[in-house]
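As a basis for the values below, the full set of heavy atoms in this structure was taken, side chains included, without hydrogen atoms, waters or symmetry mates. Reminder, nothing fancy here: chain letters follow the sequence lines and each chain counts from 1.
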Amino acid sequence: MTLRLYNTLTRCKEPFAPQRPPKVGIYVCGVTVWDSTHLGHARAAIVFDTIVRYLRHRGFQVTYVKNYTDVDDKIIRRANQDGVPWTAVAEKYIAEYSRDMERLGTVKPDVEPRASAHIGDMIAMIETLMARGLAYETQGDVFYAVRTCADYGQLSGKKIEELAVGARVEANEAKRDPLDFALWKRAKPDEPSWPSPWGPGRPGWHIECSAMSTKYLGQPIDIHGGGRDLIFPHHENEIAQAEGASGTPFVRCWMHNGSLTIDSEKMSKSLGNYFRTSEALQQYDAEVIRYFLLSSHYRSPLDFSTMALTDMGRAVTRFYDATGRLGQATAGAFPAAPPKTLPDEARPLVRRLQTFHEELHEALDDDLNTPKVFGMMFELVRDLNRYLDTQHGRHGPIHHWIQMAWSTLRQQCHRILGLFGSDAADFRERMKAMALGKRGVDHATVEQLIAQRNTARRTKDFATADQIRDQLTAMGVSFKDRADGTTEWHVE
RNA sequence: GGCGCGGUAGCUAAGUGGUAAAGCAUCGGUCUGCAAAACCGAUAUGCGGCGGUUCGAUUCCGCCCCGCGCCUCCA
């Protein structure tokens, strides 16, 4: 079985074939650092994080590059509004993004280039484009002449003629053609600028990614990714620039993740319907957010709602409850094969555990089918619980084997998906603390009430016990009395 | 208007030319002094509508309806 990935350029799933295996270069368009990140950014980050993790798991030596766009109109505007240098705005939001993504458990890219540190590379590429007659300068502005690019529109499926008809392309007198886009913008007052052969100015948006991606990964790049909304014009223009400058193919496989939506509308700053990553992290466990963001296929739209996050939290809890029930193996090596004599109750579980690795690869090889993997996880959970419900489910060599197999499986999922690797008790504590915080309930108060109730139960004072139970219920606390007289509790 | 994606149980969501994974919710049961916790079980004769191809289609083809995305800064 080979890994197959959907290539936006060819519009089909293709066997993944890097230029120089086992080396893989992947470039992902990061964020423009003018404001806080929202869950849409988090989705993109987690999708590509998972791809990188899986490629590494499959034995590829991945170089992962993700840029920060720190030269941009919105950053400049914000800096001028706040009366701070544009670099301060950029630094602030780079730090925020970096922190949020770390909390979501994403691996740090190997290179995180910033546009402002690569102006020279961009100028060099623009000069090449001009030398090749693909770009022109007008009064300090430089534009890419789109009509010189025969393949323009190949990625987004657009035709130059149709674009030209569209009235929404802003007319700019300096441009020879309304379709042309800026490579270099002449400096305006109160804006940062860099010297260039065309006078002081700053780069256009698209050139940074062409310049930085080829600088760090060469050409062609194995995978270039980003959100679906970047296909046009950003990625289309990147292709025109990079291929125009080099004369060789820019990217082998283009990957795009679907948008995060709210009420079926795209989450975006301009619509104002966004949910900040930092806010989400305050209200939901990072692992639950990650699970949610991988719960539908990465190319499909994914609709955000608090209800969805709550449901996902319950699902992940179910996984950890089963893990907690199983317990950890105390010691000993992992026997390669399960014991010969299997009790009937253990058979389905053992069979599933034995085929798990293969099925995991099969699912992820198919264009990263994470929802399929989640389904598999819960079939496993059900079989585990069935086994644990039996008399046999506590002892014997098979129990030890299952514990070891479960632990191995969890490590693997943790490495590839960043999920299911937590300690079961830790996870429960995290969820509890989060829920208590949301409800403004104090941990000690709950413990105290539970102790009082248990005292009442011991003296058969059920009226008081029930009264306290109702009180706890009103606080959102639910619980389960254990056989040993202690009580475990949760917060809804 | 152009290009593209999608419509599968109450909600979310995989999937296959031969008869529908999983999660949440709901209902039933086990456990419990009781218990909305935990566990087990049940729940789509059906996969937007109408035709067609086929021994057989949710899965392929055509048309239609609906939703969404891109065409402008956007992960």
Side-chain angles (χ1 to χ4, degrees), chain A residues 8 11 28-32 34-35 37-48 66 69 72-74 97 153 156-159 161-163 165-170 205 225-234 236 256-261 264-271 274 291-292 295-297 299-303 305 307-308 310-319 321-322 324-325 363 366 369-382 384-386 388-390 457 460-462 465-466 469-470 472-473 476-483 487-490 492:
Chain A
T8 307
R11 289 172 184 73
V28 176
C29 287
V31 287
T32 302
W34 69 283
D35 200 356
T37 65
H38 61 237
L39 281 178
H41 302 119
R43 184 182 190 195
I46 283 175
V47 162
F48 287 101
K66 181 159 72 177
T69 298
D72 169 84
D73 288 348
K74 289 193 283 283
Y97 180 86
S156 55
K158 299 191 183 305
K159 297 188 178 65
E161 299 72 40
E162 285 163 1
L163 285 168
V165 172
R168 297 175 76 180
V169 179
E170 194 182 319
W205 174 38
R228 203 171 191 71
D229 46 9
L230 293 180
I231 294 173
F232 189 91
H234 186 54
E236 197 69 72
H256 293 96
N257 64 276
S259 298
L260 187 71
T261 60
S264 298
E265 281 196 326
K266 193 176 89 172
M267 181 179 286
S268 78
K269 291 279 171 63
S270 43
L271 287 170
Y274 60 93
Y291 179 90
F292 164 66
S295 68
S296 89
H297 185 82
R299 282 190 282 117
S300 304
L302 172 64
D303 204 55
S305 68
M307 201 182 82
T310 303
D311 287 356
M312 299 300 157
R314 287 182 188 152
V316 179
T317 300
R318 177 170 153 81
F319 175 84
D321 280 350
R325 284 187 82 196
D366 184 18
N369 193 341
T370 51
K372 178 83 177 291
V373 174
F374 292 177
M376 285 162 47
M377 294 308 286
F378 286 99
E379 287 174 331
L380 224 26
V381 164
R382 187 196 54 222
L384 174 61
N385 277 321
R386 277 182 187 156
L388 289 171
D389 280 349
T390 64
R457 284 173 66 224
K460 309 266 185 220
D461 180 5
F462 294 124
D466 288 350
R469 189 184 69 210
D470 293 343
L472 285 162
T473 302
V477 176
S478 59
F479 46 82
K480 152 91 173 148
D481 298 323
R482 293 202 193 92
T487 297
E488 86 180 52
W489 55 277
H490 320 273
E492 287 301 302

Residue [X], side-chain heavy atoms: nucleotide from [options] that is nearest:
| X | options | answer |
| --- | --- | --- |
| A:T32 | B:rA37, B:rA35, B:rA75 | B:rA75 |
| A:P233 | B:rA37, B:rC73, B:rC70 | B:rC73 |
| A:N385 | B:rC71, B:rC40, B:rA75 | B:rC40 |
| A:K372 | B:rG23, B:rA75, B:rA14 | B:rA14 |
| A:P371 | B:rG33, B:rG23, B:rA13 | B:rA13 |
| A:N369 | B:rC71, B:rA14, B:rG69 | B:rA14 |
| A:F462 | B:rG33, B:rA35, B:rG2 | B:rG33 |
| A:S300 | B:rA38, B:rC70, B:rA14 | B:rA14 |

Sugar-phosphate only, base, or nothing, as touched by [X] at under 4.0 Å among non-hydrogen atoms:
| X | value |
| --- | --- |
| A:D321 | sugar-phosphate |
| A:D73 | nothing |
| A:I231 | nothing |
| A:T473 | base |
| A:G375 | base |
| A:G40 | base |
| A:G225 | nothing |
| A:S296 | sugar-phosphate |
| A:H297 | sugar-phosphate |
| A:K266 | base |
| A:M376 | nothing |

- prompt: Can any side-chain N or O of A:R43 pair as donor or acceptor with the backbone N or O of A:G258 at less than 3.5 Å?
  reply: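 Looks like yes, one N/O pair under 3.5 Å.
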message: Main chain of A:K480, side chain of A:T487: is a donor-acceptor contact present, judged purely on distance under 3.5 Å?
response: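 Checked: no pair found.
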- line: On RNA chain B, more 5' by nearest nucleotide between A:S156 and A:E379 is A:S156
- prompt: For RNA chain B, whose closest nucleotide is more 5', that of A:R314 or that of A:M307?
  reply: A:M307
Distance check, rounded to the nearest 0.5 Å: [X] atom [atom1] versus [Y] atom [atom2]?
| X | Y | atom1 | atom2 | value |
| --- | --- | --- | --- | --- |
| A:H38 | A:L260 | NE2 | CG | 7.0 Å |
| A:S259 | A:R299 | OG | CZ | 13.5 Å |
| A:L384 | A:F378 | CG | CZ | 12.0 Å |

Between atom [atom1] in [X] and atom [atom2] in [N], what is the gap in whole Å?
| X | N | atom1 | atom2 | answer |
| --- | --- | --- | --- | --- |
| A:M312 | B:rG23 | CE | P | 12 Å |
| A:D72 | B:rA75 | CG | C1' | 14 Å |
| A:K159 | B:rC71 | NZ | P | 17 Å |
| A:R382 | B:rA38 | CZ | C1' | 17 Å |
| A:D303 | B:rG6 | CG | P | 17 Å |
| A:D229 | B:rC3 | CG | C1' | 16 Å |

Between [N] and [M], how many Å separate the two [atom1] atoms, rounded to a whole number?
| N | M | atom1 | value |
| --- | --- | --- | --- |
| B:rA25 | B:rG18 | P | 33 Å |
| B:rC55 | B:rC47 | P | 22 Å |
| B:rG28 | B:rA36 | C1' | 16 Å |
| B:rC66 | B:rG48 | C1' | 8 Å |
| B:rG15 | B:rA9 | P | 16 Å |
| B:rU58 | B:rG2 | C1' | 31 Å |
| B:rG46 | B:rU59 | P | 15 Å |
| B:rU54 | B:rG49 | P | 23 Å |

Charged tip of A:K158 within 45° of A:F232 ring normal and under 6.0 Å: yes
Examine [N]: is either OP1 or OP2 under 4.0 Å from a nitrogen or oxygen in the side chain of [X]? Give yes or no.
| X | N | value |
| --- | --- | --- |
| A:R318 | B:rA38 | no |
| A:R11 | B:rC5 | no |
| A:K66 | B:rA75 | no |

field: Stacking of A:F378 on B:rG23 base (centres under 5.5 Å, planes under 30°)
entry: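 No; centroid distance or tilt outside limits.
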message: Between the base of B:rG33 and the side chain of A:D466, is one N or O donor paired with an acceptor at under 3.5 angstrom?
response: yes
- request: Taking the side chain as every heavy atom from C-beta outward, state whether A:K372 and A:D366 have any pair of such atoms under 4.5 Å apart.
  value: no
- prompt: What pair of heavy atoms forms the shortest contact from A:L388 to A:A322, and how long is it?
  reply: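 What the structure gives for the nearest pair is CD1-O, 4.1 Å.
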